[in-house]
2 protein chains.
Amino acid sequence: MRHLERHVHIFYEGDAQTHIYRTKRGMMRLYHLLADGRRQVIAFRLPGQLIGLGEHETQFCSAQALTEVVLQCVPLSIVHRRMQEEPRFGSELVRCLAVELAETRNQVAFLNRRSALEKLATFILGFLTWTGEDRELELELHMGREDIADYLGLTVETVSRSFARLKTQNLVSLPQTHTVIIQNIGKLIALATGAFEDDETGS
Amino acid sequence: MRHLERHVHIFYEGDAQTHIYRTKRGMMRLYHLLADGRRQVIAFRLPGQLIGLGEHETQFCSAQALTEVVLQCVPLSIVHRRMQEEPRFGSELVRCLAVELAETRNQVAFLNRRSALEKLATFILGFLTWTGEDRELELELHMGREDIADYLGLTVETVSRSFARLKTQNLVSLPQTHTVIIQNIGKLIALATGAFEDDETGS
DNA sequence: CGGACGCTTGAGGGTCTTCAAGGAATGTGG
DNA sequence: CCACATTCCTTGAAGACCCTCAAGCGTCCG
């Protein structure tokens, strides 16, 4: 078990892989630096989710604490040993990887062809799933606009403008910068799935 | 072992997962249909690569033969049994999944923030790796512009125009529609990695 | 030889980015 | 506890890029 301050890295891209981690509390950010210096946020990790899976010998991305974080650390040697001794453990690992792969593929499919507004709507709705608070319509983002932008492949300005449009259409409200209240989840879902072309009537 | 004609599907999105497949000859296309009817091509599969990994009970995407294809089919029951009996088999499976996950993450990172020209350059270069013919600078695409467009998240027109620009800059030539000859691989790599902003001098 | 299909090329418009400046929020030191 | 500095967020205007619509061209097949 390991406690991390905000902004602390547990590993960087290219580091040797030594452990698999499980988030117990707080939120982690996984990101990848591109050749041109830009940053692609691969994923955010909430409690219960694994980090460090599916890499080669070296880490593919950097892992950084967004908030204060508590991590469970499992040395790779133990992972390997358990896989030898306990076939069901291997199956479980395969399942976790499979889920992560499916999610990542979804990310490809959706980031590629959607407008900024649709991306942001999907992002917000994804937060509901992540935290499991499906009825709690007040969300704490725990991250800045730049994180969202780097995750969705947009600029900070576009993210900000998209938030403004969601507010104008009364789909969400923003009592604080990092807090989102969903006001019309039906329309938000419709937007995320592409059902609405562009409905500004907001009625 | 199973032989497929062109355009034949081995499974559709949502089908129950029954086998894992290994491409022996030819090229497969994995794709995913979006809510709005569009198609996202997830990946192409060349000989030696696996298909059907990392799914849940149901297939996440459809798998279709692009060319004539020969497939090795392994029933899932056998996969599971071997995983119980032979831990190294499980490790191997985890490794394959890890590689696929890393590739997919790369796809996210690169599709998200790159221009059409950079995407196409990367796509062409990716073909070199896939076929393993690193010195063979004449490539057979085996697919139409629409496949490339749906893979890169572009329109057919933009793909066509991007090919035209690569030709104008003498980076590639196209003796036939589906055949690419790389004429200046250095510049193509520079373009793919974002080193060149926009060099029209073509010298 | 004719038709169908896929590829190319053009013009116009929409969306996102870039550049720029102002405003809110957060943290630090007095 | 307040003032100030820094950082982050918002908003505006101009431009770039890609998409859409449209037409022309080439190729393959019947």
Side-chain angles (χ1 to χ4, degrees), chain A residues 5-7 29 34 36-41 66-67 110-121 123 140-168 172-180 191 194 196-200, chain B residues 6-7 29 34 36-41 66-67 110-121 123 141-168 172-180 191 194 196-200:
Chain A
E5 302 284 321
R6 291 177 62 186
H7 307 307
R29 159 174 67 204
L34 279 69
D36 60 1
R38 280 169 154 173
R39 187 182 66 160
Q40 173 70 47
V41 172
L66 257 169
T67 63
F110 130 81
L111 285 178
N112 226 359
R113 295 268 206 171
R114 301 233 158 267
S115 71
L117 212 57
E118 291 169 328
K119 285 183 183 181
L120 189 58
F123 173 74
E140 198 58 43
L141 298 180
H142 294 300
M143 69 185 76
R145 299 289 183 262
E146 193 170 2
D147 286 308
I148 303 174
D150 287 346
Y151 179 66
L152 298 178
L154 301 169
T155 59
V156 183
E157 294 92 329
T158 303
V159 171
S160 186
R161 274 184 260 265
S162 301
F163 267 123
R165 287 182 65 187
L166 290 182
K167 261 196 308 193
T168 305
V172 305
S173 64
L174 301 171
Q176 295 167 17
T177 313
H178 298 254
T179 307
V180 177
L191 184 59
F196 281 4
E197 291 307 299
D198 204 62
D199 186 352
E200 298 284 350
Chain B
R6 291 177 61 184
H7 306 307
R29 159 174 68 204
L34 280 69
D36 60 1
R38 280 168 154 174
R39 186 181 66 161
Q40 173 69 48
V41 173
L66 257 169
T67 63
F110 127 82
L111 286 177
N112 226 358
R113 295 267 206 172
R114 301 233 157 268
S115 72
L117 210 58
E118 291 169 328
K119 285 183 181 180
L120 189 59
F123 174 75
L141 298 180
H142 294 300
M143 69 185 76
R145 298 290 183 261
E146 193 169 4
D147 286 309
I148 303 174
D150 287 346
Y151 180 65
L152 298 179
L154 301 169
T155 59
V156 184
E157 294 93 330
T158 303
V159 171
S160 186
R161 273 185 261 267
S162 300
F163 267 124
R165 287 181 66 185
L166 291 181
K167 259 195 308 193
T168 306
V172 305
S173 65
L174 301 170
Q176 295 167 16
T177 312
H178 297 252
T179 307
V180 176
L191 185 60
F196 281 5
E197 291 308 298
D198 206 60
D199 187 351
E200 298 284 352

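Chain naming here is simple, since letters A, B, ... match the order of the sequence lines and numbering starts at 1 in each.
- An angle of 40°, rounded to 10°, separates the two end axes of the helix from C/dC1-D/dG30 to C/dG30-D/dC1, each defined over five pairs.
- Listed nucleotides: C/dG10, C/dA20, C/dC16. Nearest to the side chain of B/E157: C/dG10.
- Atoms NE2 and OG1, on B/H142 and B/T179 in that order, are 8.5 Å from each other to the nearest 0.5 Å.
- When distances are taken from the side chain of B/S115 to each of D/dT20, D/dC18, C/dC7, the shortest belongs to D/dC18.
- The residue A/T177 sits close only to the backbone: its heavy atoms come under 4.0 Å of sugar-phosphate atoms, none of a base.
- A heavy-atom distance below 4.5 Å is found between the side chains of B/L174 and B/V180.
- Atom CZ in B/R113 sits about 8 Å away from atom P in C/dT18, given to the nearest Å.
- Put simply, the side chain of B/Q176 and the base of C/dC7 share no donor and acceptor less than 3.5 Å apart.
- Counting to the nearest Å, the P atom of D/dC8 and the NE2 atom of A/H142 are 18 Å from each other.
- B/R113 has its side chain within reach of A/D150: a pair of non-hydrogen atoms, C-beta onward, lies under 4.5 Å apart.
- Note on B/S160: every side-chain N or O is 4.0 Å or more away from OP1 and OP2 of C/dC7.
- At whole-Å resolution of the value, CG in B/L117 and P in D/dC18 are 8 Å apart.
- Counting atom types as modelled, B/E146 pairs no side-chain N or O with a base atom of C/dC5 as donor and acceptor under 3.5 Å.
- Following rounding to the nearest Å, B/F163 (CZ) and D/dC25 (P) show an atom-to-atom distance of 23 Å.
- Formation of a donor-acceptor pair under 3.5 Å by the A/H178 side chain with backbone atoms of A/M143 is found in this model.
- With contacts defined as side-chain heavy-atom distances shorter than 4.5 Å, the pair A/L166/A/L191 qualifies.
- Regarding B/N112, its CG atom lies at a distance of 19 Å from the P atom of C/dT15, rounded to whole Å.
- For D/dT10, the OP1/OP2 oxygens have no side-chain nitrogen or oxygen of A/R161 closer than 4.0 Å.
- The heavy-atom pair separating A/L66 from A/R29 by the smallest distance is CD2-NH1, 3.7 Å.
- Spacing between atom CG of B/L141 and atom C1' of C/dC7 amounts to 13 Å, rounded to whole angstrom units.
- Listed nucleotides: D/dC18, D/dT11, D/dC9. Nearest to the side chain of A/A164: D/dT11.
- You'll find the side chain of B/R165 stays beyond 4.5 Å of the side chain of B/L120, heavy atoms only.
- Looking at heavy-atom distances under 4.0 Å, A/R6 makes no contact with the nucleic acid at all.
- Here the P atom of nucleotide C/dG10 and the CZ atom of B/R165 are 14 Å apart, to the nearest Å.
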For this session: Check step by step if side-chain contact (heavy atoms from CB on, under 4.5 Å) holds for B/N112 and A/Y151.
Result: CA-CA 9 Å; B/N112 226 358; A/Y151 179 66; over 6 Å; no

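- At the phosphate of D/dC19, OP1 or OP2 sits under 4.0 Å from a side-chain N or O atom of B/T158.
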With the criterion being N/O to N/O and under 3.5 Å, what pairs connect the protein with nucleotides 5-7 of chain D, and how long is each?
none

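- Distance B/L66 CG to C/dG6 P: 13 Å, rounded to the nearest Å.
- In this structure, the nucleotide among C/dT18, C/dC7, D/dT20 sitting nearest to the side chain of B/R145 is C/dC7.
- The side-chain heavy atoms of A/R39 and A/D147, taken from C-beta on, include a pair separated by under 4.5 Å.
- In this structure, the side chains of A/L152 and A/T158 stay at 4.5 Å or more apart for every pair of heavy atoms.
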